[in-house]
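Take a look at the structure set out below.
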Amino acid sequence: MPDRFRVAVTRRLPKACEDRLRENFEARLGDDDTVYTPAALAAHAAGADGVIVSPAEVVDAPAIAALPSSVKVLSTFSVGFEHIDVAAAERRGIVVTNTPGVLTEATADLTMLLILGAARRASEGERLLRSGTWIGWRPTQLLGVQLEGKTLGIVGLGRIGGATARRALSFGMSIAYHGRRPSPEAPAGARFHAVLEDMLPQCHILSLNCPLTPETRHVLDARRISLLPRGALVINAARGALVVDDALIAALQSGHVAAAGLDVYTGEPALDPRYRDLPNTFLMPHLGSATEETRFAMGMLAIDNLAAVLAGQPPKYRVKI
Ligand code: DGY
């Protein structure tokens with residue numbers, strides 16, 4: 001037994017988290033902040049008792065199989081865990097943990113930014129100003145959509161969806177939501193729809209806030225987009241693969257969807273280039289949880305989870321399947 005547990009970390013973490021790792025573990029920190037391939041991950045984890053990964057690393061069944069037998073815990077610096085084959089990890093006796101709760105408010109803030117950015121044509125406004133071609137205030141310039149009085153439909157009203165709904169209420173919006181069952185996170189007055197198709201025609205703004213699972217992959221397809229009222233906005237701060245890109249892009253091109261606010265993309269960091277070319281998209285590079293406070297809290301929680309498993313204790317957040 002070494003004096004201290006050995007921990008491999010794939011990415012740079014906030015300084016306080018890296019300091020804590022160095023103080024408490026034999027820590028092998030990611031030093032170049034690149035995404036690890038499965039082979040690089042296995043090499044980096046050689047001899048490690050635990051590994052901290054980011055949502056950018058694909059830890060599928062082959063990657064799990066390649067991990068050294070010393071690894072007992074995979075702690076992801078994220079709430080999302082679709083990048084990890086949890087069943088394959090469990091079969092190898094590796095506990096998987098994640099970081100829910102601490103990124104709720106930051107991600108809800110970002111969701112509101114996407115809603116406002118899409119509704120008020122923020123990308124077009126910024127591009128106009130930066131191009132140096134703005135000729136001044138005009139009564140009809142870049143008219144957007146007012147939020148007050150509109151219905152926000154949320155797919156997946158968990159912690160983040162609930163925090164987004166509370167913010168939207170303060171903008172004078174009403175809330176509808178769809179999920180498998182009524183949510184304890186739903187604010188008073190939010191209308192639950194067991195059938196997504198029943199909710200869509202009411203949504204001036206549709207926000208995807210559900211996890212990516214086999215059931216939710218491509219939940220927003222051409223048929224469902226066609227059920228939105230013309231001129232609706234589509235917002236995605238959850239995962240890119242919730243959306244069929246061809247369908248959303250066609251709807252943005254035709255104007256059936258007036259604008260989209262997106263923080264996440266299929267195949268990140270690549271994204272369908274048509275999103276970049278469309279004027280009516282407001283795009284962020286997966287910044288939902290990117291605040292100093294939240295990334296610190298995520299890092300500390302990822303370390304707490306890992307330390308608990310290595311100490312033989314139940315972690316605060318073990319991913320269960
Ligand atoms: C998560 O935690 O899953 C986010 O996507 C990263 O902020």
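Quick note: numbers below take in every heavy atom, side chains included, and nothing from hydrogens, waters or symmetry partners. Atoms within a ligand are numbered from 1 in the order they appear, just like the ligands themselves.
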* To do: For the pair Ser183 (side chain) and Leu157 (backbone), establish whether a donor and an acceptor sit closer than 3.5 Å, ignoring hydrogens and angles.
  => yes

* **ligand 1 atoms in contact with Ser78 (distance to a heavy atom under 4.0 Å)** => 1 (C), 2 (O), 3 (O)

* Structure fact -> Closest to atom 3 (O) of ligand 1 among protein heavy atoms sits Arg239 NH2, 2.7 Å

* **Any donor-acceptor N/O pair, His204 side chain to Leu233 backbone, under 3.5 Å** => no

* To do: Using a strict 4.0 Å cut-off to heavy atoms of His286, name the atoms of ligand 1 that fall inside it.
  => 4 (C), 5 (O), 6 (C)

* Asked: At a 4.0 Å threshold, what atoms of ligand 1 neighbour a non-hydrogen atom of Leu103?
  -> 2 (O)

* **Proximity to ligand 1 by part of Val264, non-hydrogen separation under 4.0 Å** => neither

* **hydrophobic_cluster_shared for Val7 and Met298, side chain cutoff 4.5 Å** => yes

* Test of proximity, Val79 against ligand 1: N or O pairs below 3.5 Å -> yes

* Asked: With Ala247, which residues qualify under side chain to side chain contact (heavy atoms under 4.5 Å, CB included), at least two apart?
  -> Ala222, Ile225, Val244

* Which residue, Asn280, Ile249, Leu206, Leu252, forms the side-chain contact (heavy atoms from CB on, under 4.5 Å) with Val257? -> Leu252

* Which atoms from ligand 1 have a heavy atom of Ser289 less than 4.0 Å away? -> 6 (C), 7 (O)

* Sequence neighbours left out, what passes side chain to side chain contact (heavy atoms under 4.5 Å, CB included) with Cys17? Give chain and number order. => Leu13, Pro14, Met300, Ile303

* Structure fact -> ligand 1 atoms nearer than 4.0 angstrom to some heavy atom of Gly80 are 1 (C), 2 (O), 3 (O)

